[in-house]
Amino acid sequence: MRFSRMVSKTLRSDPPDAETASHRLMLRAGLIHQVASGVYSYLPLGLRSLRKIENIIREEMDAAGGQELRMPALQPQELWEQTGRREAFGDNMFSFEDRRGRPMVLAPTHEEVVTNLVKANVQSYRDLPLILYQIQTKFRDEPRPRAGLVRVREFDMKDAYSFNADEASLDESYQAMAQAYRNIFRRCGLPVMMAEADSGAIGGKDSHEFLLATETGEDTVITCPSCSYTANAEKAESTYPEVPTEPDQSLEEVSTPGIKTIAGLADFLGVPESKTLKAVFYMSDGEPVFVTIRGDLDVNEVKLKNALQSHDLRLAEDQEVKAAGLVAGSASAIGINGIKRVADLSITSGNNFVVGANKPDTHFKYANYPRDFDTDILADIALAQPGQLCPRCGHALEATKGIEVGHIFKLGTFFSETLGAMFLDSEGQQRPIIMGCYGIGVGRLLAAAVEKNNDENGIVFPIPIAPYQVHVVGLNMSNEEVASAADRLYQEMQEAGIDVLYDDREEAAAGVKFNDADLLGLPVRLVVSPRNLKNAQVEVKGRTDSEAGSVSVDGVVEEVRRRLAEATL
RNA sequence: CGGGGUGUAGCCCAGCGGUAGGGCGCCUGCUUUGGGAGCAGGAAGUCGGGAGUUCGAGUCUCCCCACCCCGACCA
């Protein structure tokens, strides 16, 4: 590709609205162009990179036994009503009517369609297992798109679905996909973590996310530096120090004027926060929920949502708390009835807690479960925090931010049962197909790669996903000797099957070309100039090399091949 | 949906009641050519939209819209 013919222009300065590195650099280098919030065009450079990622994904999915197909993004809403997911997705789903007034949606994912497809084609255990996949556009009307391609409303996703006759077979498919994912991310130059993840309301047992550690990530990953425990904070378990148990004492009312927070309460009474219980109020599917947890811990809303089997969970607003007859700041489960109560297991680790007295400015000392209060659900709903202890080995946990680039999970039989995708097993029994699903956000993977691989001058593309492998720069192109030598080099690279971008601009100064080359971040830069040409040489520089080297004009292709091969190891 | 911010030329921004500006980019010519060159000339604007106040509105008021950031949300 000749630079002078490229539609995209590089930006001289950072776009002011882009804050994360990938967003800033992808706009600046002309990889993408924004159309609306969370909606982007891929410009030729961005698309080339995206295609390279797609091809890596295809190779690995095919190698793992996947069959590529393509399902429509446009779907009848009715399909989603059958599984109850029209309601579950709610406003996140783009929907409209066709000309006949039939409700249609733009698909945010494809379990419904793929399950029906398999239902029509699979009758026997002999047809299983199957792994089907596609790379296709998904639509999700996200409440808040952000960070360029990290969270968008229209995006390309590789989604795969496995269909198995039994759990052991499902496990094989699951492991095959996990391995394919590791291969894909490694080949894309991304060091990812595989973390235990929440499987959601529909999911089955196992679920893992693949996350790239970056400052700007949306997810928090809890890791153990000692053993291999890695889990999304939404899912992570932790153990926290037991509070030394004392002999139970009887409940005692104390006046706590103006005390509204746990920190204030602990301070006022001279006890550690772990000797208090805090009350948090939620609304779950429109019903108020009273949550009790030890004062030094925080509620994990995902765990709480799962414990409640809730579809829609949020913190209660002040009026809702009041309407439920609760005293914010001095509430406890003591004497609370007629409202659903959930307590974290931590209320059993310790005793003689300070709790609210359900009267303004008043608390109780020495509250004990179950002597003084009861709960409807007792479960682990605590948020794992760095510094708490690993549930596997007891070492102190750490937390890192990450971007989720892939997610795999065992779906079980929800879709096959709901939509009637059954098969006959070897004994002639009709059984629902067991499913798994496996997703990779392709554009997000590109964004993550840029987020991870850049320096103060621009992108540093990993070789396998760089839009072009080589950047040929002609300096002083009005010099005929340079122009013809550079043209020849460009030609030679193409003939050698190397992806090459050729900066053939006559008017651009050397500095402009060098800065653009650094910004685009292609792996190898070749400079043709009068200075080098005098010695029949071409300058060679890897994007991360601090110094450039030279190579004879005759040996350029070989040198480039060597560098590309070396770095791909 | 709550909180904060921003909308003026392709890009970045100034102007805050009185003729629509600057830098970059773009076009023409000359000069220049190893880290974002110089000179001269030129093209380019529904000042996000609507209503209002005013003799007069990018500028003040109200309503709306879009975009960004934080949160909520994200099976």
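None of the values given here were measured: they were computed from a predicted structure. Residue numbers begin at 1 in each chain, while the letters A, B, ... track the order of the sequences.
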**Message:** Whether A/Asp156 and A/Lys138 form a salt bridge (side-chain N of Lys/Arg under 4.0 Å from carboxylate O of Asp/Glu) is what I want to check.
**Reply:**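 Result for this pair is no, no salt bridge flagged.
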Test ring pair (Phe, Tyr, Trp, His ring centres under 6.0 Å) applied to [X] - qualifying residues, sequence neighbours left out:
{"X": "A/Tyr161", "result": "none"}
{"X": "A/Tyr490", "result": "A/Tyr502"}
{"X": "A/Phe139", "result": "none"}

**Message:** It should be established whether A/Gln34 places a side-chain nitrogen or oxygen under 4.0 Å from OP1 or OP2 of nucleotide B/rC68.
**Reply:**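 Yes, A/Gln34 has a side-chain N/O under 4.0 Å of OP1/OP2 on B/rC68.
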**Message:** Considering every strand and a 4.0 Å limit on heavy-atom distances, what is the contact class for A/Arg28: base, sugar-phosphate, or nothing?
**Reply:**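 Here A/Arg28 touches the bases of the nucleic acid.
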**Item:** Under 3.5 Å donor-acceptor, A/His110 side chain and A/Gln136 backbone
**Value:**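 Judged by distance alone, no pair lies under 3.5 Å.
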**Message:** Under 3.5 Å, is there a donor on one side chain and an acceptor on the other for A/Ser162 and A/Tyr174?
**Reply:**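 The answer is no; no qualifying pair exists.
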**Asked** If you measure only the distance, is there a donor-acceptor pair under 3.5 Å linking the side chains of A/Asn92 and A/Asp141?
**Response**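 A/Asn92 vs A/Asp141: no donor-acceptor pair found between side chains.
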Could you go over nucleotides 28-34 of chain B and give all protein N or O partners under 3.5 Å, atom names and distances?
| unit_1 | atom_1 | unit_2 | atom_2 | d |
| --- | --- | --- | --- | --- |
| B/rU33 | O2' | A/Asn476 | ND2 | 3.4 |
| B/rU33 | O4 | A/Ser478 | OG | 2.9 |
| B/rG34 | N7 | A/Ser529 | OG | 3.4 |
| B/rG34 | O6 | A/Ser529 | OG | 2.2 |
| B/rG34 | O6 | A/Asn532 | OD1 | 3.3 |
| B/rG34 | O6 | A/Asn532 | ND2 | 2.5 |
| B/rG34 | N1 | A/Glu539 | OE1 | 2.7 |
| B/rG34 | N2 | A/Glu539 | OE1 | 2.4 |
| B/rG34 | N2 | A/Glu539 | OE2 | 3.2 |

**Prompt:** Does the side chain of A/Cys437 reach to within under 4.5 Å of the side chain of A/Asp159, using non-hydrogen atoms?
**Reply:**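 Sidechains of A/Asp159 and A/Cys437: no contact.
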**Asked** Quick one, which residues of residues 131-147 of chain A touch RNA chain B with a heavy atom under 4.0 Å?
**Response**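 Result for residues 131-147 of chain A: A/Glu142, A/Pro143, A/Arg144, A/Pro145, A/Arg146, A/Ala147, sorted by number.
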**Request:** Write out the stems for RNA chain B, ordered by first number and formatted as range with range, counting runs of at least 3 consecutive Watson-Crick or G-U wobble pairs under 3.5 Å.
**Result:**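 Correct response: B:1-7 with B:65-71, B:10-13 with B:21-24, B:26-30 with B:38-42, B:48-52 with B:60-64.
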**Item:** Point-to-point distance, once rounded to the nearest 0.5 Å, from CE of A/Met71 to CG of A/Asn116
**Value:**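 The CG atom of A/Asn116 is 11.0 Å from CE of A/Met71, to the nearest 0.5 Å.
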**Message:** Roughly how many Å apart are B/rA51 and B/rC70, using the P atom of each and rounding to a whole number?
**Reply:**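 That atom pair is separated by 36 Å.
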